[in-house]
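Heavy atoms only: backbone and side chains are in, while hydrogens, waters and symmetry mates are out. A note on names: the letters A, B, ... follow the listed sequences, proteins ahead of strands, and every chain is numbered from 1.
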2 protein chains.
Amino acid sequence: MRYSAQRELIHSIIMDTISHPTADWIYDRAREKMPKISLGTVYRNLKQLEDEGMIRSLLEENMTRYDGNIQPHHHLRCNICGDLIDVDIPDTNLRKGIQKDYQFEVDEIEMVFFGTCSKH
Amino acid sequence: MRYSAQRELIHSIIMDTISHPTADWIYDRAREKMPKISLGTVYRNLKQLEDEGMIRSLLEENMTRYDGNIQPHHHLRCNICGDLIDVDIPDTNLRKGIQKDYQFEVDEIEMVFFGTCSKH
DNA sequence: GTATATGCAAACAATTTGCACGCCT
DNA sequence: AGGCGTGCAAATTGTTTGCATATAC
């Protein structure tokens, strides 16, 4: 993967926020700095950054959101404000239980806790 | 919600499989029994059945899958064959931990375990 | 009789892709 | 020079919606 100003910009936009943005939001931010950037380029680079393991993607309702935090972690999703909050909880026991009870070799766990955040 | 043959058919198709089908798959099955049914009707009824709590929906990649199992449960997702398997694990401790550590009132938990199932 | 459900096709929204040109290396 | 990356627009895909007709109650 060779250098491109567009990709660097897109990556920095994701790293500079904790808000798990959508492709469209990233596109808008990117256009502020680089007005001629195209939405196709944004999508292509998001996919590429994900393939390289530099960002992660989350499936949220009908859109994909992107997350610059590549450490294993989970999410709290507030039903009132829609906020998605990173949360770090140990899942070793869970993993072992599944491994044993279902003869399923766990690779990765994705948990979302739906509910009401402390702001409400 | 009043009776309709289409809705009954759609519901029975979902209840008769454990495969977490997509709208399109359900549409194909439904047309075998009722050739003139439309895809719009399938979508409308899926939404309605979900609103009534008779089925659940799962966000999988770019499509929605439907699940006739409305008991709280989680999923194993095999990276090789793509199968989605129901799994029942207690999450009470997890729930309490989140409640306490993040002042977040948990309503519902969704867990997906990615990995390799016993067939491989 | 009246409101809800249907079939059909057109509209949508998120994402992907083909192509000619541009810019890293 | 050669190939990856870009902008642009058109294509795809999953889902929703408007409308006239049909059906449950």
Here the distance between atom C1' of D:dT15 and atom CD of B:Glu50, to the nearest Å, is 13 Å
Separation of C:dA5 atom P from B:Asn45 atom CG, nearest Å, is 8 Å
Of A:Ser38 and B:Ser4, the one whose nearest nucleotide on DNA chain D sits closer to the 5' end is A:Ser38
Apply side-chain hydrogen bond (donor to acceptor under 3.5 Å, both in side chains) to the pair A:Asp83 and A:His20, showing each step before the final yes or no.
CA-CA 9 Å; A:Asp83 266 18; A:His20 309 88; over 6 Å; no
Exercise. Please assess A:Ser57 against A:Glu50 for the test side-chain hydrogen bond (donor to acceptor under 3.5 Å, both in side chains), listing each intermediate value before the final yes or no.
Key: CA-CA 7 Å; A:Ser57 67; A:Glu50 188 184 1; 2.7 Å; yes
- Query: Is A:Arg2 side chain donor-acceptor paired with the C:dT25 base, going by distance under 3.5 Å alone?
  - Reply: no
Discussion item. Whether B:Gln48 contacts C:dT4 is assessed here as follows: a side-chain N or O lying under 4.0 Å from the phosphate OP1 or OP2. Is that the case?
Written reply: no
Residues of residues 14-37 of chain A with a heavy atom under 4.0 Å from any atom of DNA chain D, listed by number, are A:Lys36, A:Ile37
Rounded to whole Å, the CD-P distance (B:Glu8 to D:dA24) equals 12 Å
Could you write out each protein N or O paired with an N or O of nucleotides 17-19 of chain D at a distance under 3.5 Å?
| from | atom 1 | to | atom 2 | distance (Å) |
| --- | --- | --- | --- | --- |
| D:dG18 | O6 | B:Arg44 | NH1 | 3.2 |

Test: A:Arg56 and A:Glu108 ion pair at under 4.0 Å: yes
request  = Answer yes when B:Glu61 and B:Arg77 have at least one side-chain N-carboxylate O distance shorter than 4.0 Å, and no when they do not.
outcome  = yes
Residues B:His73 and B:Asp86: side-chain donor-acceptor under 3.5 angstrom: yes
Residues pairing under salt bridge (charged side-chain N to carboxylate O under 4.0 Å, His left out) where one sits in residues 32-44 of chain A, two or more places apart or in two chains, turn out to be A:Arg29-A:Glu32
Taken to the nearest whole Å, CG/B:Leu58 to C1'/D:dG14 is 16 Å
Between CD of A:Gln6 and C1' of D:dT6 the distance, given in whole Å, is 6 Å
Query raised in the report: Have A:Asp67 and A:His75 got a donor and an acceptor in their side chains that come within less than 3.5 Å?
Result: yes
> Do we see a donor-acceptor contact under 3.5 Å between the side chains of B:His74 and B:Asp91?
Replying inline: yes
A:Leu9 CG to D:dT6 C1', in whole Å, measures 14 Å
Residues B:Leu46 and B:Ala23: closest non-hydrogen pair is CD1-CB, 3.9 Å
Rounded to whole Å, the CE-P distance (A:Met63 to C:dA14) equals 5 Å
D:dT15 phosphate, OP1 or OP2, under 4.0 Å from B:Thr64 side-chain N/O: yes
In whole angstroms, the gap separating C1' of C:dT15 from CD of A:Glu61 amounts to 17 Å
